[in-house]
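Protein chains get the first letters and strands the later ones, always in sequence-line order, with residue 1 at the start of each. Just so it is clear, the model here is predicted, and its values are computed rather than measured. Worth knowing before you read on, the calculation uses all heavy atoms, side chains too, and leaves out hydrogens, waters and symmetry mates.
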Amino acid sequence: MLGTSSDSIKFAAQNRAMLQLHTIRENTESIITALQKRNIDAEPMLSKVLDLDEKRRSIQTELDSTLAESNKLSKEIGILFKSGKAQEANELKEKTAGLKETSKQLGDELNEVAAALQDALYLIPNIPHESVPAGNTDEDNEEIYNEGEVPTLFEGALPHWELAKKYDIIDFELGVKITGAGFPVYKGKGARLQRALISYFLDKNTQAGYTEMQVPHMVNEASGYGTGQLPDKEGQMYHVQADDLYLIPTAEVPVTNLHRGDILAESDLPIKYTGYTPCFRREAGSYGAHVRGLNRLHQFDKVEIVRVEHPTNSYQALDEMVEHVKNILRELKLPYRILRLCGGDLGFTSALTYDFEVFSTAQDRWLEISSVSNFETFQANRLKLRYKDENGKTQLAHTLNGSSLALPRVLAGILENYQTEDGIKIPEVLVPYCGFDTIN
RNA sequence: GGAGAAAUGGCAGAGUGGUCGAAUGCGGCAGUCUUGAAAACUGUUGAGGGUCACACCUCCGGGGGUUCGAAUCCCUCUUUCUCCGCCA
C-alpha cells in the first residue's frame, strides 16, 4: 500500500540483518550511496570506522596470542607446584613477567581504539529505506495520502491560543509563572479534554492488541544510547545532573529499552506496547511564530505505540501502524495528510518515517501530530535486542514506534476545527470520555 | 539515612586460589518408545570477539587491585533482601 513491496522488504531484511561492522566492511560503497539521501558524505566517517576496526582487530589478535601464551605457562606452573617441582615452577614464573607487561600495554591500546571505534559508530545515522525520497527539507517530503474535509469556519474564527484564553481552558502565563515558557497549565474542561484524549488513545491502542505499560519518566544514560537519542540529541534532553538521569523526550525511550539486552524466542515476536507519558524537550534553537500556543512545548503529553518485530515482518507492521493512526484520525474527523519523509528530514535513527499532519484551519497550516517509523536493526543493534531464529542463531530484531497520538496539536486541531460561534464542539467519540459535548 | 546479608548460565542452586565457561536439578531443543501425547530413557543446550573452518581470546552485577594463575582474596560502585529510622 505504502510503496514497500514485499520484494524490497525481503531485500532490506537480508541486507541489514546485521547492520554495523560486518555490513560496513562488506557494503561500504552501497552504504555511502544510501547515506547520500541524507545529504551526508559518509566516506570519511566510514573510512575512519574501517580504519579503527582493522586496528582493533590486529591489536586484539596480538593480545589474544599473548594471553594464550601466559595462560599456558600459568597452567604449567600450577602442575609443577602440585608435583613438588617448585624450582622449575619459579623459573617459569620469570618468563611470565614480560608477557604480563606486553598484555597490559596491548590491553590499554585496545581499550583506547575500541572506545574510539564505538564513538565513531555512534555517529553514523541509519540507512534510509530505498523508498525514502531524496531531498533536503520538509518541502521535499512526499505527500502520499490525505483524508478529511477542511471545514469552512465562520467569520472571526480564532487560532487555538485565542480560544484557550477565551474559554479559559489553557493558561500559558500561569505556566510561565510556575515553570517557564512552554509549560502550559490546562484548566477545567481543558484538563478534562486532555485526560479524555489520553484515555481514548490508550483504549484504541489496547483494542488493537498493544499492551499498556506505565514506565518511568526519567531514564539513565544507557537507555539514551540504546534508542539513539544519545549522543545525537544530547542537548535536546533535560539532564538531571545530580543523578545523571534524563527526562524522557518520548515514551519510545523507556518502552523500547524494556527489552535492552534481551534475546527473545522467535515466538515472542511481535511485541506490541502502548504507553502514555509526558514528554520533555528543551527545543533549543526553536523560535518564531510557529512556536506559539500549543505548537511547540517543552512538556507535552503523548501516547506512543512501540513494536519489536521479526525483520521479515517489520514493513508490514509499519503499514499496520499507519492504518491504525489513520483510523483514529478518521474517528476524530480531523482533516489530515500523510507524508513520507525525505532523506534530509528523516530522523537520525530511522530507516523510513511517515509523518501525520492535521490541518489547523485557523492557522492555515499543517501541524505534525504523529510520526511512525521503522528503525530496522538500528536501535536493536545498540540495544542488543535479539531473537533466536529457526536455526538457533541469534539475530537482531527490528524496532518500530509511532505516536498515537501527540496531544497538544491534536488538541489545537480540535479547538480550531471544531469551533462554532456557540463554543467548541467535542468530537463525538470523545464525548463519553469528557462527560460534556461543548466547551463554551 | 543507619546496621547487616547477598549478587553465578532461561530459572533454581553448587563452587573460597590452579585442569572451572563453571556440578546438579528444572526448563528448552533433538532422538528412542507411542497411532498421537504424557511418562521414562539418551543426547544436546550461555554470550561476544576471532577464523574459510579450526585454534585461540574475553565474560560468574560494574570498575580497579593482589597473584605466574581469581567465580573464589582486597578496594570501590551499583543493585537486591532483612532490621531500624523517616515518609506520600
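When all heavy atoms of A:Leu106 and A:Ile59 are compared, the closest pair comes out as O-CG2, 3.6 Å. Closest non-hydrogen pair, A:Leu332 versus A:Pro427, comes out as O-CB, 4.1 Å. The minimum heavy-atom distance between A:Ala351 and A:Tyr315, with the atom names listed, is CB-OH, 3.8 Å. Closest of all the heavy-atom pairs between A:Leu297 and A:Gly182 is CB-O, 3.6 Å.
Between the CD atom of A:Glu266 and the P atom of B:C29 there is a distance of 13 Å, given to the nearest Å. Atom pair A:Glu390:CD and B:A30:P shows a separation of 13 Å (rounding to whole Å applied). For A:Ile59 and B:G50, the CD1 to C1' distance is 15 Å, given to the nearest whole Å. Taking atom CG on A:Asp262 and atom C1' on B:A47, their separation rounds to 13 Å, with Å as the unit. We find that NZ of A:Lys384 is positioned 17 Å from C1' of B:G46, with the value rounded to whole Å. Atom pair A:Arg57:CZ and B:G48:C1' shows a separation of 15 Å (rounding to whole Å applied). Regarding A:Asp268, its CG atom lies at a distance of 14 Å from the P atom of B:G28, rounded to whole Å.
Nucleotide B:U44 is matched to B:G28 when pairs are restricted to Watson-Crick or G-U wobble geometry with both distances under 3.5 angstrom. Using N1 to N3 plus N6-O4 or O6-N4 for Watson-Crick, or N1-O2 and O6-N3 for G-U wobble, each under 3.5 Å, B:C87 pairs with nothing. A 3.5 Å limit on both hydrogen-bonding distances identifies B:A7 as the Watson-Crick or G-U partner of B:U78. Using N1 to N3 plus N6-O4 or O6-N4 for Watson-Crick, or N1-O2 and O6-N3 for G-U wobble, each under 3.5 Å, B:C73 pairs with B:G65. Remark: B:U51 base-pairs with no nucleotide; criterion is Watson-Crick or G-U wobble with both hydrogen-bond distances under 3.5 Å. Shown here, B:U19 forms no base pair; nothing in the strands shown gives a Watson-Crick or G-U wobble contact with both key distances under 3.5 Å. Shown here, B:C33 forms no base pair; nothing in the strands shown gives a Watson-Crick or G-U wobble contact with both key distances under 3.5 Å.
Nucleotides B:A88 and B:A3 are separated by 25 Å at their P atoms, to the nearest Å. Annotation: B:A55 and B:C60 have their C1' atoms spaced 25 Å apart (nearest Å). Between B:U32 and B:C20, the distance separating the two P atoms is 34 Å to the nearest Å. Annotation: B:G43 and B:G21 have their P atoms spaced 23 Å apart (nearest Å). As rounded to the nearest Å, B:C74 and B:A7 have P atoms that lie 13 Å from one another. Nucleotides B:U72 and B:G15 have their C1' atoms positioned 8 Å apart, rounded to a whole Å. Nucleotides B:C75 and B:G25 place their P atoms 37 Å apart, quoted to the nearest Å. Taking the P atoms as reference points, B:G48 lies 33 Å from B:C41, given to the whole Å.
Between A:Tyr273 and A:His259, the ring-plane angle classifies as parallel under the 30° and 60° cut-offs. Using cut-offs of 30° and 60° for the angle between ring planes, the A:His310 and A:Tyr387 rings count as tilted.
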Find every protein N or O atom lying less than 3.5 Å from an N or O atom of nucleotides 77-79 of chain B, and list the pairs.
none

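Put simply, A:Arg386 has a side-chain N or O that comes within less than 4.0 Å of OP1 or OP2 on B:G48.
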Legend entry - Candidate pair A:Ile24 and A:Asp53, rule side-chain contact (heavy atoms from CB on, under 4.5 Å), full reasoning: CA-CA 10 Å; A:Ile24 293 173; A:Asp53 176 45; over 6 Å; no
Inset, instruction - Please report the C-alpha distance between A:Gln379 and A:Leu385 in whole Å, then the side-chain angles of each, then the deciding distance to 0.1 Å, and finally whether the side-chain contact (heavy atoms from CB on, under 4.5 Å) criterion is met. - result: CA-CA 8 Å; A:Gln379 291 183 329; A:Leu385 201 186; over 6 Å; no
Legend entry - Footprint string (nucleotides 55-68 of chain B, 5' to 3'): B base within contact, S backbone only, - free, heavy atoms under 4.0 Å: -SSS---------B
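Partner of A:His324 under the ring-ring contact (aromatic ring centres under 6.0 Å, His included) criterion, chosen from A:Tyr354, A:Tyr210, A:Phe356, A:Phe201: A:Tyr210.
Under the 4.0 Å criterion applied to side-chain N and carboxylate O atoms, A:Asp51 and A:Lys55 are not assigned as salt-bridge partners.
Taking the ring centre of A:Tyr167 as origin, the terminal cationic atom of A:Lys189 falls outside the region bounded by 6.0 Å and 45° from the ring axis.
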